[in-house]
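Protein chains get the first letters and strands the later ones, always in sequence-line order, with residue 1 at the start of each.
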There are 2 protein chains.
Amino acid sequence: MTTVKDTQGRDTASLVNPSAVGLVAVIVAATDGEPRALTVQVEGQARGRSDGLPAGPLVPEHPTLERGLRAWVERQTHQRLGYVEQLYTFGDRDRQGDEAHGLHTLSVAYLALVREVRPGGLAEASWRNWYRYLPWEDFREGRPPALEEIEAKLLAWAGETADPKLRRRREDRLSLTFGLFDGTWNEERVLERYELLFEAGLIPEAQGQSGAACDGAATGQPMAFDHRRVLATAIGRLRGKIKYRPVVFELMPPTFTLFQLQRTVEALSGTNLHKQNFRRLVAQQGLVEETEGVTSGATGRPARLVRFRREVLLERPAPGFRLRPAKRPA
Amino acid sequence: MTTVKDTQGRDTASLVNPSAVGLVAVIVAATDGEPRALTVQVEGQARGRSDGLPAGPLVPEHPTLERGLRAWVERQTHQRLGYVEQLYTFGDRDRQGDEAHGLHTLSVAYLALVREVRPGGLAEASWRNWYRYLPWEDFREGRPPALEEIEAKLLAWAGETADPKLRRRREDRLSLTFGLFDGTWNEERVLERYELLFEAGLIPEAQGQSGAACDGAATGQPMAFDHRRVLATAIGRLRGKIKYRPVVFELMPPTFTLFQLQRTVEALSGTNLHKQNFRRLVAQQGLVEETEGVTSGATGRPARLVRFRREVLLERPAPGFRLRPAKRPA
DNA sequence: GGCACAATGCTCATTTTGAGCATAAGTGAG
DNA sequence: CTCACTTATGCTCAAAATGAGCATTGTGCC
């Protein structure tokens, strides 16, 4: 048996202190131009049932974490997972929402992208528009109305401290994440925004917070445990990733129009894009190839159906999309 | 107490199956234009002692994983950690190198960037040029000689299978990761290259492999357990990150010249950059501001000393470097 | 045929890159 | 003291990538 000593000479081989480890999955699909996550019903947690992400224990039988995750998700939801990527491992003692046993609790979170939305193997599993939980993240229809109330409360939170340094720090964070003073918005900072709201006590999941939270319309629907945090992590990661890796195609049907593709990218990023430039980009990058088919039935000129060129995965820079927000006419 | 049922109705609240969890740290510094990682001596493992990354158990006392990591690294190595980021959680059953106990073993790996290279609190800890372990990743002096031998062996590996589909897949991977047929090299695919070498049996750490591995000069010095894999993950992540976040500055002294900065970026990315364009980029992005000082003593015209503009962290796109490889004159 | 509505094609002014040339300012040798 | 050499800095120029729009082309519907 191998022996390891850390640099102090203590034996660390066995890594004592066994911990409880769980897996959580953010399973994403995009249908009808809306970004959706697969959710399940979770009991307990103060107000009866609430939505949660599919989660399960780490099963020792599986050779790798990812394989374990694939196995039980596919069994549980009858949803075959295509693209899977590890997101983050959460281990905060006070954020897990489950402190019953003495073990340290970890959750290893994964992001999965799936193509089709089956009705759901289980009655309790359902697809939900992810902006239901994070309404301030959707800028497709212009600035989300939820932001008015949120900004007011955040400003109040920043102002409620006497310490000028702390106050300054809070204001800097408001500026950086919500673009509060300079009107800037970086769509990738989803987690930072959520965490800020959490700290400011605007997230009901934060136990022991002052009851002065938003009424829920503005700060979205809660989820069980810290699952909204996991969801926020997933969205942020995905928004970043589509810019430099062609992962959106994992969400598209075998054949689609450029505009459907654009709608999907917009759904994920929560912004609108300039149509002509978007298609120029896609064409130029050689991400798709034309098929015979065209759309029909809908109003307007029929669109050509295209399909993803799998070969690009083998080509040089393996590009994604660099998002370029369009000015909204409204 | 809360109760959670998964979608099958089984109770998953307690996430049974306790696991052993360890923390591993890739602590990076850059001195004299060389990228270095902090290593410790590890006993056991076939051939006596070998280099390993600082690792320790997850201590339940700490509120978060990151805090726990910071605490024991600082205590163990007397090295204060600045920037810390979670890298990845490894949980392969057969890659951990430690299967003594029945528990599933996880390692949560972190990447840390530090500014100064203290002589090392412990005699057993030492800074090592990271290319010692991954020599094929350094293109600063032109194509690494190690690649000749590696490519030959990889081609042989691809060719040794009869199944044409598998063979095709292997060749595609060689092309994608090592640019074998199209001469392309993506410096971020460090992990993919390492894993390919591992699968091809060219990495001594792979137990039960055919002894036909490279002699070590080409495939670098081994590390304990799967620590080279962790290191490869860290390098790949860091190479990607410096392109869009100003993290290099975590490695720089308070004041430095633009050329030192360039050397550091080059050290990390393993490529050479076009000098004039590099400084134009840095200037234009407003990443640094001038100081009074200039260098002296060395040969050549003295260079102005600059310092990182911390404010950029609060500014809009929070840019990093977009690396642009320069043509090597040689 | 005439409309309304998307899908497509193309233009044009800016910026952003990639590559170099030219000059400036020290050090060390003879 | 001057020349040779070395590294730091300034600047130029052509090519490619972006950001915004205008113009045309097919279709389904009165």
Sequence neighbours excluded, which residues qualify as side-chain contact (heavy atoms from CB on, under 4.5 Å) partners of A:E188? A:N186, A:R239, A:K243
Interatomic distance, B:L281 CG vs C:dA19 P [rounded to whole Å]: 14 Å
All side-chain contact (heavy atoms from CB on, under 4.5 Å) counterparts of B:A267, not counting sequence neighbours: B:P35, B:R140
For residues 276-285 of chain A, which residue pairs qualify under salt bridge (charged side-chain N to carboxylate O under 4.0 Å, His left out), counting only residues two or more places apart or in two chains? none
Whole-Å gap separating C1' (C:dT8) and CZ (A:F278): 15 Å
Which residues satisfy the side-chain hydrogen bond (donor to acceptor under 3.5 Å, both in side chains) test with A:Q276, sequence neighbours excluded? A:H274
What string of B, S and - do you get for nucleotides 9-14 of chain D, 5' to 3', when a contact is any protein heavy atom under 4.0 Å? BB----
Write down the distance between NE2 (B:H274) and C1' (C:dC21), rounded to a whole number of angstrom. 10 Å
Nearest whole angstrom, please: distance from the P of C:dT16 to the NZ of B:K243. 20 Å
Think B:R193 forms a cation-pi with B:W185, using NZ or CZ under 6.0 Å from the six-ring centre and within 45 degrees of its axis? yes
Using atom CG of B:L273 as one end and atom P of C:dG18 as the other, report the distance to the nearest whole Å. 11 Å
Sequence-distant partners of B:E85, side-chain hydrogen bond (donor to acceptor under 3.5 Å, both in side chains), two or more places apart: B:Y83, B:R237, B:K241
